[in-house]
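Have a look at the structure below, then the notes.
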Amino acid sequence: VGIFTTRMLEDFDRVIAFEPQPDNFVCLAKNAPQASRYRVALYSGNVTGVMESPKPDNSGAWEFKTVPAKFGKMPSLAVRTLDAYAFPVVDLIKIDVQGSEFHVLKGAEQTLKRCKPTLIVETALKDKEDDRISEFLRGLKYSEKARVRKDAVFTC
């Protein structure tokens, strides 16, 4: 809804936010009108999926689930990789995507190699998933520098 985005606008000249959930995107647009905003989900490939909320009373709990292209009654959402945008400069990436963090990082691999941004990644997941994220990032010469609540901070 733009809480982190608004805060980052105080420190960065340009902030780009991705929010696939329609209602949250409307809030993001109202709360952070100066940010560049994309109503798209990021993932490790160009797949199709849906947004689901296991906690209807928590607007931050929406999860992206991949589904076959012919899903049926729920509207599907096409997603992209971060690499597909080919941003020339990226200083900081914050990822909090309810368990799909590894997939977003995989889809940003070329951006991470080229720009070496600082990463803030929600990693209070299952230990196995945290290990997969850490192993992937170690392969890109990242190391964990800090933990703040559920988030891990990685730098090259």
Side-chain angles (χ1 to χ4, degrees), residues 1-8 12 14-25 27-28 32 35-55 58-69 71 75-156:
V1 297
I3 295 168
F4 190 83
T5 304
T6 300
R7 173 61 186 88
M8 290 299 97
F12 292 91
R14 183 171 184 216
V15 175
I16 300 167
F18 294 87
E19 175 54 63
Q21 203 288 327
D23 293 335
N24 287 355
F25 187 84
C27 292
L28 172 65
S36 298
R37 300 170 310 277
Y38 294 87
R39 192 174 156 240
V40 63
L42 296 175
Y43 207 69
S44 56
N46 295 327
V47 298
T48 302
V50 296
M51 297 299 295
E52 297 178 346
S53 179
K55 300 176 184 175
N58 181 347
S59 66
W62 285 93
E63 298 175 358
F64 175 76
K65 303 289 185 186
T66 59
V67 296
F71 183 72
S76 63
L77 172 70
V79 300
R80 296 184 72 190
T81 65
L82 184 64
D83 286 342
Y85 290 90
F87 295 119
V89 176
V90 179
D91 296 318
L92 173 71
I93 296 175
K94 180 182 186 297
I95 305 171
D96 179 351
V97 290
Q98 310 307 318
S100 293
E101 286 77 6
F102 176 76
H103 294 286
V104 173
L105 289 165
K106 282 290 288 179
E109 185 170 359
Q110 297 310 311
T111 301
L112 299 177
K113 287 178 178 178
R114 186 178 70 255
C115 299
K116 298 179 182 5
T118 296
L119 304 172
I120 302 172
V121 182
E122 183 180 53
T123 58
L125 308 166
K126 299 174 184 154
D127 289 335
K128 192 180 206 181
E129 190 67 10
D130 284 354
D131 291 345
R132 188 161 78 146
I133 289 168
S134 294
E135 183 179 327
F136 172 72
L137 291 175
R138 271 194 305 275
L140 298 177
K141 309 291 189 239
Y142 276 85
S143 61
E144 185 176 320
K145 296 299 182 190
R147 283 211 177 236
V148 181
R149 296 183 198 92
K150 297 178 182 179
D151 296 327
V153 179
F154 296 89
T155 61
C156 267

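Of the inter-residue distances, the one linking Leu82 atom CG with Leu112 atom CG reads 7.5 Å to the nearest 0.5 angstrom. Atoms CG and CZ, on Leu140 and Arg138 in that order, are 11.5 Å from each other to the nearest 0.5 Å.
Across Glu144, Lys150, Arg147, a single residue satisfies side-chain hydrogen bond (donor to acceptor under 3.5 Å, both in side chains) together with Thr123, and that is Arg147.
Every pair tested for ring pair (Phe, Tyr, Trp, His ring centres under 6.0 Å) that includes a residue from residues 137-156 fails, sequence neighbours excluded, so the list is empty.
Under the 4.5 Å side-chain criterion, counting only non-hydrogen atoms from C-beta, Ser100 is in contact with Tyr43. The shortest distance between side-chain heavy atoms of Val1 and Leu28 does not fall below 4.5 Å.
Residues that satisfy the salt bridge (Lys or Arg N to Asp or Glu O under 4.0 Å) test with Lys141, not counting sequence neighbours, are absent from this structure. Residues satisfying the ring-ring contact (aromatic ring centres under 6.0 Å, His included) criterion with Phe87, sequence neighbours excluded, are Tyr85. With sequence neighbours left out, Lys94 forms a side-chain hydrogen bond (donor to acceptor under 3.5 Å, both in side chains) with no residue at all. Partners of Phe102 according to the ring-ring contact (aromatic ring centres under 6.0 Å, His included) rule, which considers only residues two or more places apart in sequence or in another chain, are Phe136. By the salt bridge (Lys or Arg N to Asp or Glu O under 4.0 Å) test, Arg114 is found to be paired with no residue, residues two or more places apart in sequence or in another chain being considered.
Between Ala35 and Thr5, the closest heavy-atom pair is CB-CG2, 3.6 Å.
Other residues, nucleotides and ligands place no more than 12 heavy atoms under 6.0 Å from the CD1 atom of Ile3.
Between the side chains of Lys113 and Thr111, no donor N or O sits under 3.5 Å from an acceptor N or O.
Put simply, the side chain of Thr81 gets close to the backbone of Ala84: a donor and an acceptor are under 3.5 Å apart.
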